[in-house]
Amino acid sequence: MAFKIYNTMSRSKEELLPSDGKHVRMYTCGPTVYNYAHIGNYRAYMFEDLLRRYIKFCGFGVTQVQNLTDVDDKTIRSSIEQGLPLKDFTKKYIDAFFVDLAKLNIEPAEHYPAATDFIPEMIAIIKTLFEKGYAYQSDDGSVYYSIDKFEGYGKLARLDREGMRSGARVDQDEYDKDNAADFALWKAYVPEDGDVVWDSPWGKGRPGWHIECSAMSMKLLGDSFDIHTGGVDNIFPHHEDEIAQSEAATGKIYSKYWMHCGYLIVDGKKMSKSLGNFYTLREILEMGYTGREVRYELLSSHYRQSLNFAFKSLDSNRSALKRLDEFYTTIQEVAGTGSKVGDLPEWASGTRDQFAGAMDDDMNISGAMAAIFDAVHAGNKAMLEAPLTPPQARAITNLWAELDTVLGLLISKEEEVPAEVSELLKARTSARDAKDWAESDRIRDALAEQGWTVKDTPEGPKLRKL
RNA sequence: GGUGCGGUAGCCAAGCGGUUAGGCAGUGGAUUGCAAAUCCAUCUAGAUCGGUUCGACUCCGAUCCGCACCUCCA
């Protein structure tokens with residue numbers, strides 16, 4: 001089996017082969033910390049989470065870098081509005097970001113570099129670009145990258161260099177630049193920047209946006225690394241410009257694979273802060289949804305497909321997760337505390353291959369989830385015929401644990417049954433033994449108020465969290 | 001205008017040149033003191049028009065519609 005991923009650079013699926021054969025180095029574009037990230041942003045981080053988890057499932061090691069953009073127009077403007085030093089302002093949103101990642105059960109990356117901690121590295125790259133003739137300084141003091149000097153410019157986005165001249169949004173007034181599409185490496189200081197300023201060989205100022213990713217990725221992963229990811233809106237200009245400046249500076253291939261995820265759509269439009277049609281994770285959690293339900297939502301569509309966000313599907317995810325929980329709880333009850341592992345029952349013997357086969361194909365999550373639900377259905381059916389042995393059940397819980405290293409939503413945390421609730425259950429059992437159905441139903445309602453539902457099974461009553 | 005993605009049943013969403021994807025919801029039944037869960041059965045597909053083929057949801061062409069990117073963007 002081979003894990004194939006869609007490489008935006010080649011526009012085709014390619015087998016993932018890390019350059020050292022065993023350890024994948026990946027750079028994933030992270031948040032700009034001027035506000036709470038919305039769930040459209042988390043769609044990208046969720047895709048990256050699935051990717052790193054499946055890479056590990058395939059037996060590779062992973063080093064993931066996710067940057068924090070803590071200096072740009074928006075962070076500067078907002079921090080000044082709030083009268084806070086930039087670092088104090090961004091800290092609030094950086095902290096919130098990590099809280100959200102935990103709620104969504106997104107595995108932490110190995111590195112979370114902040115742009116403001118890598119200014120010397122950025123300046124070093126710009127210096128090199130000057131030496132090699134790719135950079136120039138304009139009259140206003142800003143430093144630009146000359147895209148005409150880089151032969152491969154446009155190779156990722158497959159730009160029509162001629163067509164760009166008549167591009168819809170090229171600002172004709174940008175006469176400081178040699179070519180309207182040249183981008184800033186270093187922005188000269190303007191009063192609006194307040195005290196956000198660094199010294200450089202080209203005067204006071206601050207870095208351009210694209211240079212931060214080049215500096216941090218190459219510093220932490222090397223001049224050439226394996227995978228670079230982001231949303232499709234990053235293909236151009238951000239990633240195109242990163243390639244231009246990095247490859248011009250080093251003369252090496254910057255990233256071997258480029259992967260991009262589709263958008264989160266709300267009411268037929270891309271969710272974005274500028275359109276104002278966004279939800280933050282904390283808003284959704286306040287509405288009573290769980291991080292796990294949101295995780296299921298963000299995960300369960302193929303990453304390159306746009307994902308239509310609707311509360312209705314969050315509700316249906318709750319039902320689907322209940323079905324998974326019901327199954328897993330049943331299996332776990334049979335497995336008990338025994339550690340002896342038996343063979344998988346016939347109905348689960350192909351599940352792992354079916355799951356991996358789907359995931360190998362550019363992370364076909366729909367196929368992978370179908371493998372899970374096929375097993376649940378076949379298992380429920382088989383258990384009506386013949387009970388599992390504890391070692392068989394243990395084999396299944398082990399399989400589930402393995403698959404959940406990828407999905408991160410199969411196994412929910414055990415709920416402790418409060419003493420009060422187990423007292424109620426006892427009282428109800430007595431009532432039922434006495435065939436006092438009215439009392440039994442009254443207690444069942446009382447349990448529901450506590451958030452628990454009771455099921456009467458041949459093995460006795462069972463409690464489930466609502 | 002350039003470039004790219006898509007249109008699959010009530011909703012969400014896959015693979016596949018011929019054989020039930022899957023999830024949610026609905027209906028009928030089994031089961032249950034009643035439920036819940038589960039099982040069984042069942043309803044609703046492939047934007048439109050052509051072409052290739054023994055056979056097309058799948059390949060090709062055209063048309064229509066939607067979304068995105070073309071220097072804020074995950």
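Residue numbers start from 1 in every chain, and the chains themselves are labelled A, B, ... in the order their sequence lines are given, proteins ahead of strands.
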Between [X] and [Y] (salt bridge meaning N to carboxylate O under 4.0 Å), is one present in this structure?
X        : Y        : result
A:Asp456 : A:Arg428 : yes
A:Asp441 : A:Arg444 : yes
A:Arg295 : A:Asp49  : yes
A:Arg352 : A:Glu402 : yes

Base, sugar-phosphate, or nothing for [X], non-hydrogen atoms under 4.0 angstrom?
X        : result
A:Val232 : nothing
A:Lys270 : base
A:Glu240 : nothing
A:Leu264 : base
A:Gly40  : base

Can you tell me how far [atom2] of [N] sits from [atom1] of [X], to the nearest Å?
X        : N     : atom1 : atom2 : value
A:Asp72  : B:C72 : CG    : P     : 12 Å
A:Asp241 : B:C70 : CG    : C1'   : 13 Å
A:Met259 : B:G4  : CE    : P     : 20 Å
A:Met271 : B:C69 : CE    : P     : 15 Å
A:Lys322 : B:G23 : NZ    : P     : 16 Å
A:Leu307 : B:C67 : CG    : C1'   : 14 Å
A:Asn308 : B:C24 : CG    : P     : 20 Å
A:Met369 : B:G23 : CE    : P     : 10 Å

Using Watson-Crick or G-U wobble geometry with both distances under 3.5 Å, which nucleotide pairs with B:U32?
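WC or wobble partner does not exist here.
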Watson-Crick or G-U wobble partner of B:G6, both distances under 3.5 Å:
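Looking at the geometry, B:G6 pairs with B:C65.
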For A:Glu326, run the salt bridge (charged side-chain N to carboxylate O under 4.0 Å, His left out) check against A:Lys465, A:Lys462, A:Arg464 and tell me which one passes.
A:Arg464
Choose from [options] the nucleotide whose nearest atom is closest to any side-chain atom of [X].
X        : options             : value
A:Glu326 : B:C69, B:G23, B:A37 : B:A37
A:Asp374 : B:A13, B:C69, B:G22 : B:G22
A:Lys381 : B:C40, B:C34, B:A14 : B:C40
A:Ser274 : B:A25, B:C72, B:G6  : B:C72
A:Arg323 : B:A14, B:C34, B:G23 : B:G23
A:Lys74  : B:C72, B:A36, B:C39 : B:C72

The residue, A:Arg428 or A:Ser313, whose nearest nucleotide of RNA chain B is more 5′ is A:Ser313
For A:Ser316 and A:Glu48, find the nucleotide of RNA chain B closest to each by heavy atoms; which residue's nucleotide sits nearer the 5' end?
A:Ser316
Side-chain N or O of [X] closer than 4.0 Å to phosphate OP1/OP2 of [N]:
X        : N     : answer
A:Lys269 : B:C67 : yes
A:Arg442 : B:C34 : no
A:His377 : B:C40 : yes
A:Arg11  : B:C5  : no
A:Asn364 : B:A14 : no
A:Lys273 : B:C72 : no

Tell whether [X] reaches the base of [N] with its side chain through a donor-acceptor pair below 3.5 angstrom.
X        : N     : result
A:Ser440 : B:G33 : yes
A:Asn317 : B:G23 : no
A:Arg432 : B:G33 : yes
A:Arg444 : B:C34 : yes
A:Asp456 : B:C34 : yes

Cation-pi, A:Tyr6 ring and A:Arg304 (6.0 angstrom, 45 degrees)
yes
Has A:Lys426 got more than 12 heavy atoms of other residues, nucleotides or ligands less than 6.0 Å from its NZ?
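No, the 6.0 Å shell around NZ holds no more than 12 heavy atoms from other groups.
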Is there aromatic stacking of A:Phe373 against B:G22, centre distance under 5.5 Å, plane angle under 30°?
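No; by the centre-distance and plane-angle rule, A:Phe373 does not count as stacking on B:G22.
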A:Gln332 and A:Trp400: CA distance, side-chain angles, deciding distance, side-chain contact (heavy atoms from CB on, under 4.5 Å) verdict:
CA-CA 11 Å; A:Gln332 213 181 24; A:Trp400 241 234; over 6 Å; no
